[in-house]
Structures are given as structure tokens and as C-alpha cells.
Protein chains: 2
Amino acid sequence: MEISFSDIKRKFQECGLKTTPQRTAIYDALLRSTAHPTAEDLFVKVAPQFPMMSLNTVYYTLGVLRTSGLIHEVNIGHTRARFDANLTPHHHLICLGCQTIVDVMDPRLNRLTSPFGIPKDFEITGHQVVFRGLCGSCRRHTGRSINHSSSG
Amino acid sequence: MEISFSDIKRKFQECGLKTTPQRTAIYDALLRSTAHPTAEDLFVKVAPQFPMMSLNTVYYTLGVLRTSGLIHEVNIGHTRARFDANLTPHHHLICLGCQTIVDVMDPRLNRLTSPFGIPKDFEITGHQVVFRGLCGSCRRHTGRSINHSSSG
DNA sequence: TGCTAAATAGGAATAGTTCCTAAACAGGAA
DNA sequence: TTCCTGTTTAGGAACTATTCCTATTTAGCA
């Protein structure tokens, strides 16, 4: 997804957000990544451009972008929040070895039939499928000893 | 799922775990719950029987049970880990208002076709569907102002 | 250009969890 | 049954991710 500075600026304006260099850099870094980075990942990536920047700013910015609907928070496990600027409906595949998250864009998964056995007055607004497994690298390195315990 | 003390004891033995009163109470409380409690929820539930018990013991016990495969960890959002002793394949429905987790037992969801567009050497071992929405109570109270941001 | 609300930086605080250690105990061996 | 040993427990300290607080800075409008 290639996006220009003016695109970002326009998006910020549409959401009533000021266009600051830090905010632009953080959002841009997230747009360019498909790795679902953590706040700290983004901080490390952006910090060279802004040696004075605080991790706090990254958290604040991610919070603002999330509230504005420009990004999503994706959580795998409870340890750290991870973020995604890909707003098109999609699903995820997680390696239980290295915690890598791969996007699964298969549109068939977007149209699951409504499940039965749920409370009648519960209004479902969306769903997401999370696949778990081992990536090639982890399969080779760990001899397939998967820890199945944790499921985001 | 009704389960007796001797059932629990046998399960522990099969896993090479000692049968202590605290451990039995924690596992029993989890077996009797469908609310996907947190470590602290379980601590509060079990503490009256063991006034000396520490929250630490709950964490240790949950860790051991998880490693032994007797329970699963279910994470919604990144804030706190939640646990589930229901090992039959199932899915979840989460209320974005009150964070309540409802089990979705629809077996059709257990047989999703393998998605395309994923790395060839990635071995998928399982999947889980998470439905999001608002429960009846939250729909009435919050006027449907849903925060779509977080998806566990 | 000046004003003002929003954004930033930095430090302190908080929440959830894990680590460390000594004492207690379950379960097998004698 | 009693003893022994490794496991479990309790308690506190430590750690990590995140949020809160506040003074300063700044983007964007008038």
C-alpha cells in the first residue's frame, strides 16, 4: 500500500487530527509494515528521525489513530499490543514459535454464516479468524514442539 | 461439565502433577465456570477456602495446568489473560461493551477450508473464530456506541 | 502574527505478571 | 508407617507494558 504525505495529511484532516512530523512518521511506518508492530517496534523504527521523541508519544499517537479508526489493534496473547493500518477486512495466521503474524486475505472467511447457540439479543458486528501454526523457519528450528496453550 | 474430585485427581496424576487442595480448587473453579475468568477472578473465587493463598499460587497453577494441556489461555485484548478449561474445540463471542466472552460451539466453524495466500511452508495446526458485538444489556445501556478498535 | 487547543517529552504511577526464596507438603521409597 | 525429596506454596520484590500527569511546544486557524 503506497501512500503519499498528502494522502496522510488529508486522512488526518478528515479525522480532525493535526499533522505533526512525529504522527506522520508513526502512521507512515505502520502503513509500510505488514508485520503488525508493537508500540516499541514503531518507536525503534521512527526514533532515528526524532532523537527527542518519547515512547509515550508513540502510545498517544497510536491511541489517537485507533480512536479515529485509522488503525486497528491486533492482540496475540496478552503481553503486548500490536497494530495494523490495513483496514480491509482480513484475518491472521500466527506462528506459535516466533509470534510472527501473517495477513490472511482470503475473502471467503469474511462471510461466515452466523453461528447458532448464541444469545438472541447479542448483536454481532464482525468476526475474525485466527489461524495458528508454525512457520517454515520455526518448524525447522524447533523440531515442531509447539506450545498450543495460548490463543489470542 | 460435572467433574468429581477423583476425576481431577486422576487428571493431575496423568500429567504428573501433585494433587494439592489449592490446585484442585483452582482447577475445579475453572471447570465450573464458562465465564473465562482471569487469574484474579479465580483468586477471588477460591480465596475464601484458603485465606492464606497468594495470587502467585493462582498464576503458578494456571501456568502448570496450561503447560500440561489441561486448560487453555484465551486472550481478548492485551490487558489480562483469561482461562478456559473447556478443551472441546469451540469459538468465542465477545461483547465489546462489557468484555463478556460467550462460548460458540457451532461445529461448522471447526471445519474452515484452508485459506489461500499463505506461505507454503507454514503448517497450520488450528484456528479460532472470534465474533465481536454487543450483548443485549450493553446495547440497551450504551446506545450502541461500539468501540471497534480492539480485536483480541 | 498571535492565540489556543492539541500534541509532545519526560517522569511518575499503575496493572498484570513473573522471578526469587524459604517454608510446607504430597507422594513415592524404605 | 515414617522418611526423604522434589514439588508446591506464600510472600515479597522485580519486571514490563501501558497509562497518567504536567509543563512545554507546536499546528492550524483567526
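Labels below follow one simple rule: chain letters A, B, ... track the order of the sequence lines, proteins then strands, and each chain is numbered from 1.
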Could you check how far CZ of Arg66(A) sits from P of dT18(D), rounded to whole Å? 10 Å
Tested for ring-ring contact (aromatic ring centres under 6.0 Å, His included) against Tyr27(B), the lone hit among Phe5(B), Phe12(B), Phe83(B) is Phe12(B)
Of the options dG28(D), dT9(D), dG27(C), whose atoms approach the side-chain atoms of Thr19(B) most closely? dG27(C)
To the nearest Å, how far apart are Asn75(A) CG and dG16(C) P? 15 Å
Asp41(B): which residues meet the side-chain contact (heavy atoms from CB on, under 4.5 Å) condition with it, sequence neighbours left out? Pro37(B), Thr38(B)
Ile8(A) and side chain to side chain contact (heavy atoms under 4.5 Å, CB included): which partner among Thr19(A), Leu70(A), Asp28(A)? Asp28(A)
Taking Asp121(A)'s backbone N and O only, do any of them form a donor-acceptor pair with Arg139(B)'s side chain (distance below 3.5 Å, no angle check)? yes
Please figure out whether Gly16(A) or Phe83(B) has its closest DNA chain C nucleotide nearer the 5' end. Gly16(A)
Side-chain atoms of Asn56(B) come closest, of dA10(D), dT17(C), dA27(D), to dA10(D)
Side chain of Met52(B) (C-beta onward), nearest among dG11(D), dA26(C), dA9(C): dG11(D)
Please check the phosphate of dC25(C) (OP1 and OP2 only) for any side-chain N or O of Gln22(B) closer than 4.0 Å. no
Euclidean distance, atom CG of residue Leu62(A) to atom C1' of dA17(D) [Å, nearest integer]: 13 Å
Verify, without hydrogens or angle tests, whether Ser33(B) (side chain) and Ala29(B) (backbone) share a donor-acceptor contact under 3.5 angstrom. no
Can you tell me if the side-chain N/O atoms of Arg23(B) get under 4.0 Å from OP1 or OP2 in dT9(D)? yes
Please tell me which of the listed nucleotides, dT18(D), dA10(D), dA7(C), lies nearest to the side chain of Ser54(B)? dA10(D)
For dT9(D) and Tyr60(B) - does any side-chain N or O of the residue sit under 4.0 Å from the phosphate oxygens OP1/OP2? no
Return no unless some side-chain N or O of Thr57(B) is found under 4.0 Å from OP1 or OP2 of dA10(D). yes
So what does Thr20(A) hit on the nucleic acid, given a heavy-atom distance under 4.0 Å: a base, only sugar-phosphate, or nothing? sugar-phosphate
Can you tell me how far C1' of dG11(C) sits from OH of Tyr59(A), to the nearest Å? 15 Å
Using atom CG of Leu55(A) as one end and atom C1' of dT8(C) as the other, report the distance to the nearest whole Å. 13 Å
Computed from five pairs at either end and rounded to 10 degrees, the angle between the axes of the helix from dT1(C)-dA30(D) to dA30(C)-dT1(D) is 30°
Sole candidate of Asp103(A), Asn110(A), Asp106(A) that passes side chain to side chain donor-acceptor pair (under 3.5 Å) when paired with His91(A): Asn110(A)
Are Thr61(B) and dT9(D) close enough that a side-chain N or O sits under 4.0 Å from OP1 or OP2? yes
For Lys18(B) and Met53(B), find the nucleotide of DNA chain D closest to each by heavy atoms; which residue's nucleotide sits nearer the 5' end? Lys18(B)
Donor-acceptor pair, side chain of Thr125(A) and main chain of Arg132(B), under 3.5 angstrom: yes
Arg80(B) atom CZ is separated from dG16(C) atom P, nearest whole Å, by 4 Å
In whole angstrom, give the distance that lies between atom CD of Gln49(A) and atom P of dT8(C). 14 Å
NA contact type, Thr38(B), heavy-atom cut-off 4.0 Å: base, sugar-phosphate, or nothing? nothing
From CZ of Phe43(A) across to P of dA17(D) the rounded distance in Å is 13 Å
